[in-house]
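For reference, the structure is listed below as structure tokens.
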Amino acid sequence: MEFQLLIEQFLNGLQFGTMLFLMSAGLTLVFGVMGLINLAHGSFYMIGAFGAALFAEITGSFFIGLISSFIVAMFAGVITEILVIRKLYKKDHLDQVLATFALILIFSEGIRWLFGAYPLYLNIPAELNASVSLPLEIIYSKYRLLIIAIGILIAFFLYILTSKTLLGIRIKAGQNDREMISVLGVNIKTLYTIVFALGAALAGLSGALIGAIQSVEVGMGEPVLILAFVVIIIGGIGSIKGAFVGALLVGVTDTLGRFLLPELFKLFFDNADANLIGSSIASMSIYILMAIVLIFKPSGLFGERSA
Amino acid sequence: MMSEKKLNFLILIFLFLVPLFSILLNDIYITTLFSKIVILAIAGIGLNLILGYGGMVSFGHAAFFGLGGYITGILAFHFNNYEPIQILVFEFEGTNQLLFVWIFSLIFSSLLALFIGYFSLRTTGVYFIMITLAFAQMLYYFSISWPTYGGEDGLSLSLRNQIPFLNTMDPITFFYICYVWLIIAIIFVKFILNSPLGISLKASKENDDRVRSVGINPKKVKLISFMISGAITGLAGSLYADLNRFVSPTILSWQMSGEIMILVILGGMFRLYGPILGAFFYIILEQFLGGITENWQFWLGLIILLEVLYAKAGIMSFLIKDKYDDKTSS
């Protein structure tokens with residue numbers, strides 16, 4: 001039984017990790033390409049979740065809700081980029097932190113204004129709200145498996161997009177030399193808007209996917225945002241591959257840490273103390289992981305240059 | 001338009017007179033509100049030393065603010081229930097004497113800053129922002145999951161800690177205690193800035209290599225400044241705990257770090273008194289907007305956004321004109 005539980009926890013970690021990847025992908029692209037620290041990325045996660053809850057309510061279809069989360073967050077991204085973010089690229093990190101912190105306040109209060117202070121619920125359709133049997137007598141939630149599948153699919157899509165398509169080549173070129181690429185006739189402004197909107201849309205989608213497991217409420221994006229920052233710092237800023245590895249590492253460390261550390265400490269302490277110490281350390285584990293990575297590799301696992 | 005010196009002097013006089021307004025208007029809440037402003041200003045002065053003068057963007061100063069607060073709360077907690085504090089085999093009595101509480105807060109927050117700074121200063125730029133954030137988050141989650149001192153619910157102090165011959169429960173007395181600490185913080189930071197340490201700190205912000213070439217180790221300079229900054233912010237946290245007679249994980253959260261940072265920038269970096277004006281406008285805005293609309297955070301966000309996009313130099317630059325103006329655009 002222990003073994004099945006361990007695998008189940010591992011899958012939970014994987015699911016958490018792929019969701020974090022959806023959040024981190026946009027964040028790391030926006031930072032890598034435009035050099036922008038975007039604290040408001042968590043707001044798109046929230047906007048996506050609210051968009052999904054709204055459209056799922058209207059149409060009665062969960063899948064239309066998921067698709068609209070992507071679209072709504074993308075539109076919010078385009079508008080934000082044009083109105084505010086565009087003015088921040090040339091400013092220093094401190095200004096970016098402040099301005100996007102202000103955007104969080106604006107988005108959170110705006111949503112509370114529109115939807116009220118109570119959490120909304122986004123219900124998983126019955127056919128997904130079930131368990132499946134996997135080999136080795138493991139029983140696991142269908143919906144969580146779907147999240148893992150979507151995450152891996154999008155990771156693959158982003159890999160193709162950044163390494164095989166013209167858009168990806170332009171993004172990479174913009175990352176290296178933004179003046180040169182605009183001299184070559186690429187409209188850098190539009191390129192930036194596209195990258196930002198894509199990141200926002202992915203954040204929105206992950207917000208909707210998770211909103212269905214938890215609840216859809218104001219302020220849901222910020223805890224995830226901080227985790228996404230941990231992910232891209234561990235993975236190395238600007239690297240999609242780094243974001244993917246970092247996200248899985250963080251997801252699995254956090255989930256397995258909460259499960260295994262209390263067990264580990266039971267070898268040294270009595271039960272109550274072990275649970276206490278284990279769960280306290282587990283709640284810090286990913287930050288410890290990040291600190292260790294930065295101490296040994298100051299620009300992350302796959303970071304090419306220091307920012 | 002006036003000189004910076006004159007404005008600084010006016011700020012101090014104004015703050016000194018606050019309890020008088022409070023008595024005249026028969027509203028003691030004003031004094032308590034200004035105690036909060038003064039305390040946040042001290043925290044901001046601490047952060048500004050490394051942020052404005054040293055160019056180190058610490059997004060984790062809530063760690064020091066919160067540690068100061070928790071030390072204050074924990075010492076009082078043990079004093080009240082007569083249980084000694086046990087650390088391994090050592091036992092300590094709790095205390096409610098502010099002088100001891102302050103000394104402990106200063107020592108421990110500077111030690112924490114030494115630890116965090118030692119590792120964080122290996123990185124620069126956005127990695128530095130994020131690693132300081134990560135350390136603060138560690139303490140935040142630790143405080144939530146450790147139940148001895150209230151966990152998520154926080155810890156209440158039944159009475160404020162005491163100083164001989166003074167009644168700290170009296171709002172006006174407590175305000176002046178904070179005021180004296182503000183003056184001490186200003187004088188101390190001014191002294192630091194004019195000392196060889198401060199001068200090399202400012203120089204290392206511009207160019208590390210040149211500082212190294214005259215035989216000064218910039219990392220050591222930054223680390224010592226980081227410790228001093230942490231200690232000042234930690235002391236502010238201690239005062240904050242006594243002001244509210246309550247500590248909770250909120251004061252360790254990343255929003256707290258953001259708030260301290262915002263009031264520094266709102267007031268104007270590179271200026272010693274900037275954080276005081278920043279804290280004043282931030283708290284007054286919060287009170288004022290909170291009074292007229294439930295969605296005050298929306299408007300606060302909008303104001304901060306406009307300030308960052310169009311008036312970077314901070315409030316102090318609106319009020320004065322001087323030689324520093326060219327610096328603020330960098």
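Note on naming: letters A, B, ... go to the chains in the order of the sequence lines (proteins, then strands), and numbering restarts at 1 for each one. All values below come from the heavy atoms of this structure, side chains included, with hydrogens, waters and symmetry mates left out. It should be emphasised that the depicted structure is a prediction, and the values quoted were computed from it without experimental measurement.
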**Complete:** One should read off an interatomic distance between B:R271 CZ and B:Y53 OH, to the nearest 0.5 angstrom, of 8.5 Å
**Message:** What's the separation between atom CE in B:M261 and atom CE in B:M256, rounded to the nearest 0.5 Å?
**Reply:** 12.5 Å
**Gap separating the CD1 atom of B:I283 from the CG atom of B:L263, nearest 0.5 angstrom** = 7.5 Å
**Message:** So for B:F59, is it side chain, backbone, both, or neither that comes closer than 4.5 Å to the heavy atoms of chain A?
**Reply:** side chain
**Prompt:** Applying a criterion of heavy atom separation less than 4.5 Å, what residues of residues 97-109 of chain A form contacts with chain B?
**Reply:** A:V97, A:L98, A:A99, A:F101, A:A102, A:L103, A:I104, A:L105, A:I106, A:E109
**Prompt:** Short question: side chain of B:S253, backbone of B:T250 - any donor-acceptor pair under 3.5 Å?
**Reply:** yes
**Request:** Take the angle between the ring planes of A:Y287 and B:Y141 and call it parallel below 30°, perpendicular above 60°, tilted in between.
**Result:** parallel
**Asked** Quick one: does NZ or CZ of A:K297 land under 6.0 Å from the six-membered ring centre of A:F302, within 45 degrees of the ring axis?
**Response** no
**Request:** Anything under 30° is parallel, anything over 60° is perpendicular, the rest tilted; go ahead and classify A:F115 against A:F50.
**Result:** tilted
**Message:** Less than 4.0 angstrom from a charged side-chain N to a carboxylate O is my criterion; do B:K222 and B:D208 meet it?
**Reply:** yes
**Message:** As an exercise: rank B:W254, B:W296, B:F119 by heavy-atom pairs under 4.5 Å with chain A and give me the winner.
**Reply:** B:W254
**Request:** Measure distances from B:F128 to the heavy atoms of chain A and classify the residue's part below 4.5 Å as side chain, backbone, both or neither.
**Result:** neither
**Asked** Given a strict heavy-atom distance threshold of 4.5 Å, which part of A:L39 is in contact with chain B: side chain, backbone, both, or neither?
**Response** side chain
**Prompt:** Are A:S285 and A:R258 linked by a side-chain donor-acceptor pair shorter than 3.5 Å?
**Reply:** no
**Message:** Heavy-atom cut-off 4.5 Å, strictly under: side chain, backbone, both or neither for B:I303 against chain A?
**Reply:** neither
**Message:** If I measure from the heavy atoms of chain A, does B:L306 come under 4.5 Å with its side chain, its backbone, both, or neither?
**Reply:** neither
**Complete:** Answer key: most heavy-atom pairs under 4.5 Å with chain B among A:I37, A:V84, A:I281, A:I226 is A:I226
**Prompt:** Quick one: ring pair (Phe, Tyr, Trp, His ring centres under 6.0 Å) pairs with a partner in residues 219-239 of chain A, sequence neighbours left out?
**Reply:** none
**Prompt:** So which part of B:I129 gets closer than 4.5 Å to some heavy atom of chain A, the side chain, the backbone, both or neither?
**Reply:** side chain
